Amino acid sequence: MATTRRELSARYDAAAVETAIYERWLASGAFTPAPEPPAGAERFVIIQPPPNVTGALHIGHALTATVEDILVRYHRMRGDDTLWLPGVDHAGIAAQFVLDKIIAEEGETRASLGRERYLERMWRFMDETRPVIGMQHRRLGASVDWTRERFTMDPGSARAVRVAFKRLWDAGLVYRDEALVSWCPRCRTTISDLETVHREETGTLWTIRYHLARADGTPDPGRWISVATTRPETILGDTAVAVHPDDERYRDLVGREAILPFLGRRLPIVADPYVDPAFGTGAVKITPAHDPNDYELGKRLGLPVISVLDEEARINAAGGEFVGRDRYEAREAILDRLRDSGDLEDERPHQLMVGHCERCGTVVEPRLSVQWFIHVKPLAERALASVREGRTRIIPDHLEKVYAHWLENIHDWAVGRQLWWGHRIPAWFCPDGHVTVTDAEAGPDACATCECPAAELTQETDIFDTWFSSGLWPFSTLGWPDATPDLARFYPTSVMETAYEILFFWVARMMMLGLFLTDVEPFHTVYLHGIVRDPYGQKMSKTKGNVVDPLAMITEIGADALRLALVSGNAPGVDQRLTQPKLDGGRNFTTKLWNATRFVVGARPEPLAEPGGEASLAERWMRSRMTAAIERATRALDELAPAEYVGAAYEVAWSEYCDWFLELTKVDLRRDDATDADRARTWLTAAELLGDLLRLLHPVVPFVTEEAWTIIAELEPRATRGEPLLIRATWPSPSPRDKEAERDIEALTELIRRIRDLRQAAGAAAGSWLPLELAPVSAEARAIAAGGARYIEALARVRPMNLDATGARPPLVGSATLGMIWFGTDAGERAGDAARVELQGRELSAQVDRLRTLLANDQFTGRAPAAVVVRERARLADLERQLAALEAGE
RNA sequence: GGGCGAUUGGCUCAGUCGGUUAGAGCGCACGGUUCACAUCCGUGAGGUCACUGGUUCGAAUCCAGUAUCGCCCACCA
């Protein structure tokens, strides 16, 4: 692609190049690890949360993928044996939720299709939806190994699930028991506590009279006990009324019976310390089948358990006349009836926390059912120890406390879901009720307990919680339980990166299952990023309409710009607000980088001579600064501080390479006394340093850097050291720092800044040349100024320059290290307002005073580390010299 | 009810091991058609680091308390 400088537009058109570049990367095979790991290479494997198969890329995915891609690209450039394995999660509940809506439009329901046809339909749906996320990740530039892409419903994952469950079963960590679990009446499945979101709502607290029964069971006229409830519809399932044992008001009622409205059931009045006498009336209706507390109390007291709701939360046959009504209709009907009979004593607003299904928002219902549980305590203890003992580190570390707190209070995991889409629990029941668990795909040959043949066994219809298969992700994707080469090569993995939101759902489960099944921590580091919020700090959601669509953003400003906006200035685990100025900033940077490349391309001396001569001060300085940036960026990436890395790379690119180095280079290229060899050397240095810059920036802005790299590589292969593709290029290596050049340029740029400031104060025309007089503070200062004279002249627009001024007149201003300056004309002199000199003098003497006081303090000199004292002494000496020079000039 | 976190220029945020002059971007003011870039360049203003007390030679940083905001967890009808 012969690119001439004319063809390069000042506007960088991301949309036009990004797709093509991704194809080039794919074609190069750069995403896939070499067949054999390079000798001596370190392993770097990143674990990403597999997105939901039905999902579309949202801004959170974009952040996740960006952070991961930065790390992966960096490690690949380092030559590490790097793997980023992509995939999607089958997302049981979420997928069924979506498909149910789709088939509803087709006039079908789950029931009308039946399990088999429903699942066939689901697989067809998967064909449509599965590729979507992948395509979107490509747009973002995710350098994942597509050859290893996995799906949690593929056969390998299915086998891993069976084997994992079998091992848990064999270890006695699985049990089946009746329990009150959270149930979503809309999704018609059990959900875990984690999948329940609690929201505070204003409900009503109703007070209802239960009439007392005489000993013979007939009503005792005029006597009642009043109970308070927020859920009147559940009275149909009441089996007792409870009061506090010490409550004098009810002492004589304990042991008697109340009569349940509508159903006439006789309810014992019991005493139990669980009841809070201060709340409501001090008397509680007990509904063991529909309230966790009541369930516990019912168990303690041996009360009957009567479930009155069906799986869609309608009143069932136990509900008498209310049968078939939805729970809320039933509530209203019951209240109406109580009102009519005068038994509704009171109703008042009441704040309460209500659990909703995370997926569909429906109010969840405690429901009594037989469930599969995993006894997680022993697993949790190991997961806890790994973090406590430092074998797995969580970043940011304060989330370790959150992780620990959750694991310390963990409840057994109800893993069964009454859904169809997912991995069916590999347990079979024989007619005698024995349970057989097997990891064989075909199921058991016979009942494990008795002699029942396979033909008489029926498989459990429940499927697994999606997170059970996700919890196996780090190793199931690599071939576990088989000892595959990939498993040996890439497991345990390195860094697990995700949003802190799924710390419990996923990270803790991967730790628990990973430790149990593989005896090793699945990763050594957990990196958790925060949530991307809208400019007002609100969580983005489709219903609020405040979402930033990453794909639209990519189309508009390019993936690089979006990536940069997402990771810059953002500490781990901290939520961020994504604002338009930030996005603009990302776009501006890509444009800047593009234009720096355009300059280098256009500045090439034609023809290019053989480079020679000694490196200029600017060249030496920039090499040194590049080294500093490389060191800082490398350290940041090794410490998993992506924002720090981006900051280092951004700063060296814009504030040093573009703002100063390229300007200084222009001077070197255009100076009259330069030879062709000098010019060639200067240009080549600029091109090489641009190459380093592109290497450094590639992980965060891979597209524009790759495009620039291609252009530079074609123009001058030496600048890219013959590496044709940036994605496969090596990470830049630091060279020795040149402290002398850094000191000199620092002094020169400071002087230039001061002159520019003066020029503006003097109202000098921007393009005008002013004569400059400089009185150096020392011979060394004179040498520095002389060495950089051409830079001062060009960048401060001063000409002619006298470096040996004597200071007969009051100086305009002093440079920190070089000396006093004057302008040699009246126009310039007008800038010499004494105030400016005085101000600088005041600043200087204030600092000198401060340091003198500090250093005179024995406490400081005696107790502070010697290095600190030495540094402060040196600083004082420097400031004193400046102050003296300033005063001498006056 | 428990736990966690935050509070830094007008805005959004960094801030390493406590080190004396707290940074960036945006915004603001002023100037700019210097042959890479106006999605730009130059210069500048702007902060008692929420408050109170403590530890220390020295605190944005460590400790205690207060206030405000946010988040997570939790079975009180």
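None of the values given here were measured: they were computed from a predicted structure. Lettering of chains follows the sequences in order, A, B, ..., and the numbering in each one begins at 1.
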Taking N or O atoms only and anything under 3.5 Å, show me the protein contacts with nucleotides 21-27 of chain B, one pair per line.
| residue | atom | partner | partner atom | Å |
| --- | --- | --- | --- | --- |
| B:U21 | OP2 | A:R850 | NE | 3.1 |
| B:U21 | OP2 | A:R850 | NH1 | 3.0 |
| B:U21 | N3 | A:Q847 | OE1 | 3.4 |
| B:U21 | O4 | A:Q847 | OE1 | 2.5 |

What is the distance from [atom1] of [X] to [atom2] of [N], rounded to the nearest Å?
X: A:I410; N: B:A74; atom1: CD1; atom2: P; value: 11 Å
X: A:I394; N: B:C4; atom1: CD1; atom2: C1'; value: 13 Å
X: A:N293; N: B:C75; atom1: CG; atom2: C1'; value: 4 Å
X: A:H411; N: B:A74; atom1: NE2; atom2: C1'; value: 8 Å
X: A:F599; N: B:C35; atom1: CZ; atom2: P; value: 12 Å
X: A:H405; N: B:G2; atom1: NE2; atom2: C1'; value: 7 Å
X: A:L503; N: B:G3; atom1: CG; atom2: P; value: 19 Å
X: A:I286; N: B:A77; atom1: CD1; atom2: P; value: 13 Å

Give one of base, sugar-phosphate or nothing for [X], where a contact means two heavy atoms less than 4.0 Å apart.
X: A:R231; answer: nothing
X: A:V574; answer: sugar-phosphate
X: A:P865; answer: base
X: A:T579; answer: nothing
X: A:F589; answer: nothing
X: A:D276; answer: base
X: A:D659; answer: sugar-phosphate
X: A:A10; answer: sugar-phosphate
X: A:R632; answer: nothing
X: A:E663; answer: base
X: A:A794; answer: nothing
X: A:G569; answer: sugar-phosphate
X: A:R871; answer: sugar-phosphate

Pairwise [atom1] distance for [N] and [M], with rounding to whole Å:
N: B:U52; M: B:A14; atom1: C1'; answer: 27 Å
N: B:A50; M: B:A67; atom1: C1'; answer: 8 Å
N: B:U16; M: B:G53; atom1: P; answer: 25 Å
N: B:A24; M: B:U8; atom1: C1'; answer: 13 Å
N: B:G47; M: B:G23; atom1: P; answer: 14 Å
N: B:U68; M: B:C51; atom1: P; answer: 16 Å
N: B:G27; M: B:G9; atom1: C1'; answer: 11 Å
N: B:G25; M: B:A60; atom1: P; answer: 24 Å

Requested in this report: In plain terms, say whether A:R671 and A:E793 are close enough for a salt bridge, that is, a side-chain N and a carboxylate O under 4.0 Å apart.
Outcome: no
Query raised in the report: Is it true that A:R348 and A:D346 have a side-chain N and a carboxylate O under 4.0 angstrom from each other?
Result: yes
If the cut-off is 4.0 Å, is [X] near the phosphate of [N], judged by side-chain N/O to OP1 or OP2?
X: A:R577; N: B:U12; result: yes
X: A:R759; N: B:G42; result: no
X: A:K539; N: B:C71; result: no
X: A:K401; N: B:G5; result: yes
X: A:R756; N: B:U43; result: yes

**Report entry** Base of B:U43 paired with side chain of A:R753 (donor-acceptor, under 3.5 Å)
**Finding:** no
Query raised in the report: Does the B:G58 base have a donor-acceptor partner in the side chain of A:Q859 within less than 3.5 Å?
Result: no
Please check: side-chain N/O of [X] versus main-chain N/O of [Y], any donor-acceptor pairing under 3.5 Å?
X: A:T682; Y: A:R679; result: no
X: A:R797; Y: A:G767; result: yes
X: A:D272; Y: A:H244; result: no
X: A:R759; Y: A:A766; result: yes

Query raised in the report: For A:A596 and A:T591, take the nucleotide of RNA chain B holding the closest heavy atom to each; which residue's nucleotide lies nearer the 5' end?
Result: A:A596
Query raised in the report: Which one of A:L205, A:I208, A:T207 satisfies the side chain to side chain contact (heavy atoms under 4.5 Å, CB included) criterion with A:T229?
Result: A:I208
Query raised in the report: After noting the C-alpha distance and the side-chain angles of A:N546 and A:Y536, does the key distance pass the side chain to side chain donor-acceptor pair (under 3.5 Å) rule?
Result: CA-CA 10 Å; A:N546 60 347; A:Y536 307 99; over 6 Å; no
Requested in this report: Starting at the 5' end of RNA chain B, write a dot or bracket for each base, bracketing those in Watson-Crick or G-U wobble pairs whose two distances are under 3.5 Å and using | for partners on another strand.
Outcome: (((((((..((((.....[...)))).(((((.......))))).....(((((..]....))))))))))))....
Query raised in the report: Looking at A:F599, is A:K666 sitting on its ring face, NZ or CZ under 6.0 Å from the six-membered ring centre and within 45 degrees of the normal?
Result: yes
Report task. Check the pair A:E365 / A:R231 against salt bridge (charged side-chain N to carboxylate O under 4.0 Å, His left out), numbers first and verdict last. Result -> CA-CA 11 Å; A:E365 198 62 55; A:R231 302 211 51 199; 2.6 Å; yes
Query raised in the report: Would you say the side-chain atoms of A:D560 and A:T590 include a donor-acceptor pair closer than 3.5 Å?
Result: no
Query raised in the report: Is the distance between the ring centroids of A:F279 and A:H350 under 6.0 Å?
Result: yes
Query raised in the report: Tell me, which pairs form a side chain to side chain donor-acceptor pair (under 3.5 Å) where one or both residues lie in residues 636-650 of chain A, sequence neighbours left out?
Result: A:Y74-A:D638, A:R632-A:E644
Query raised in the report: Of the candidate nucleotides B:G19, B:C73, B:A14, which contains the atom at the shortest distance from the side chain of A:A864?
Result: B:G19
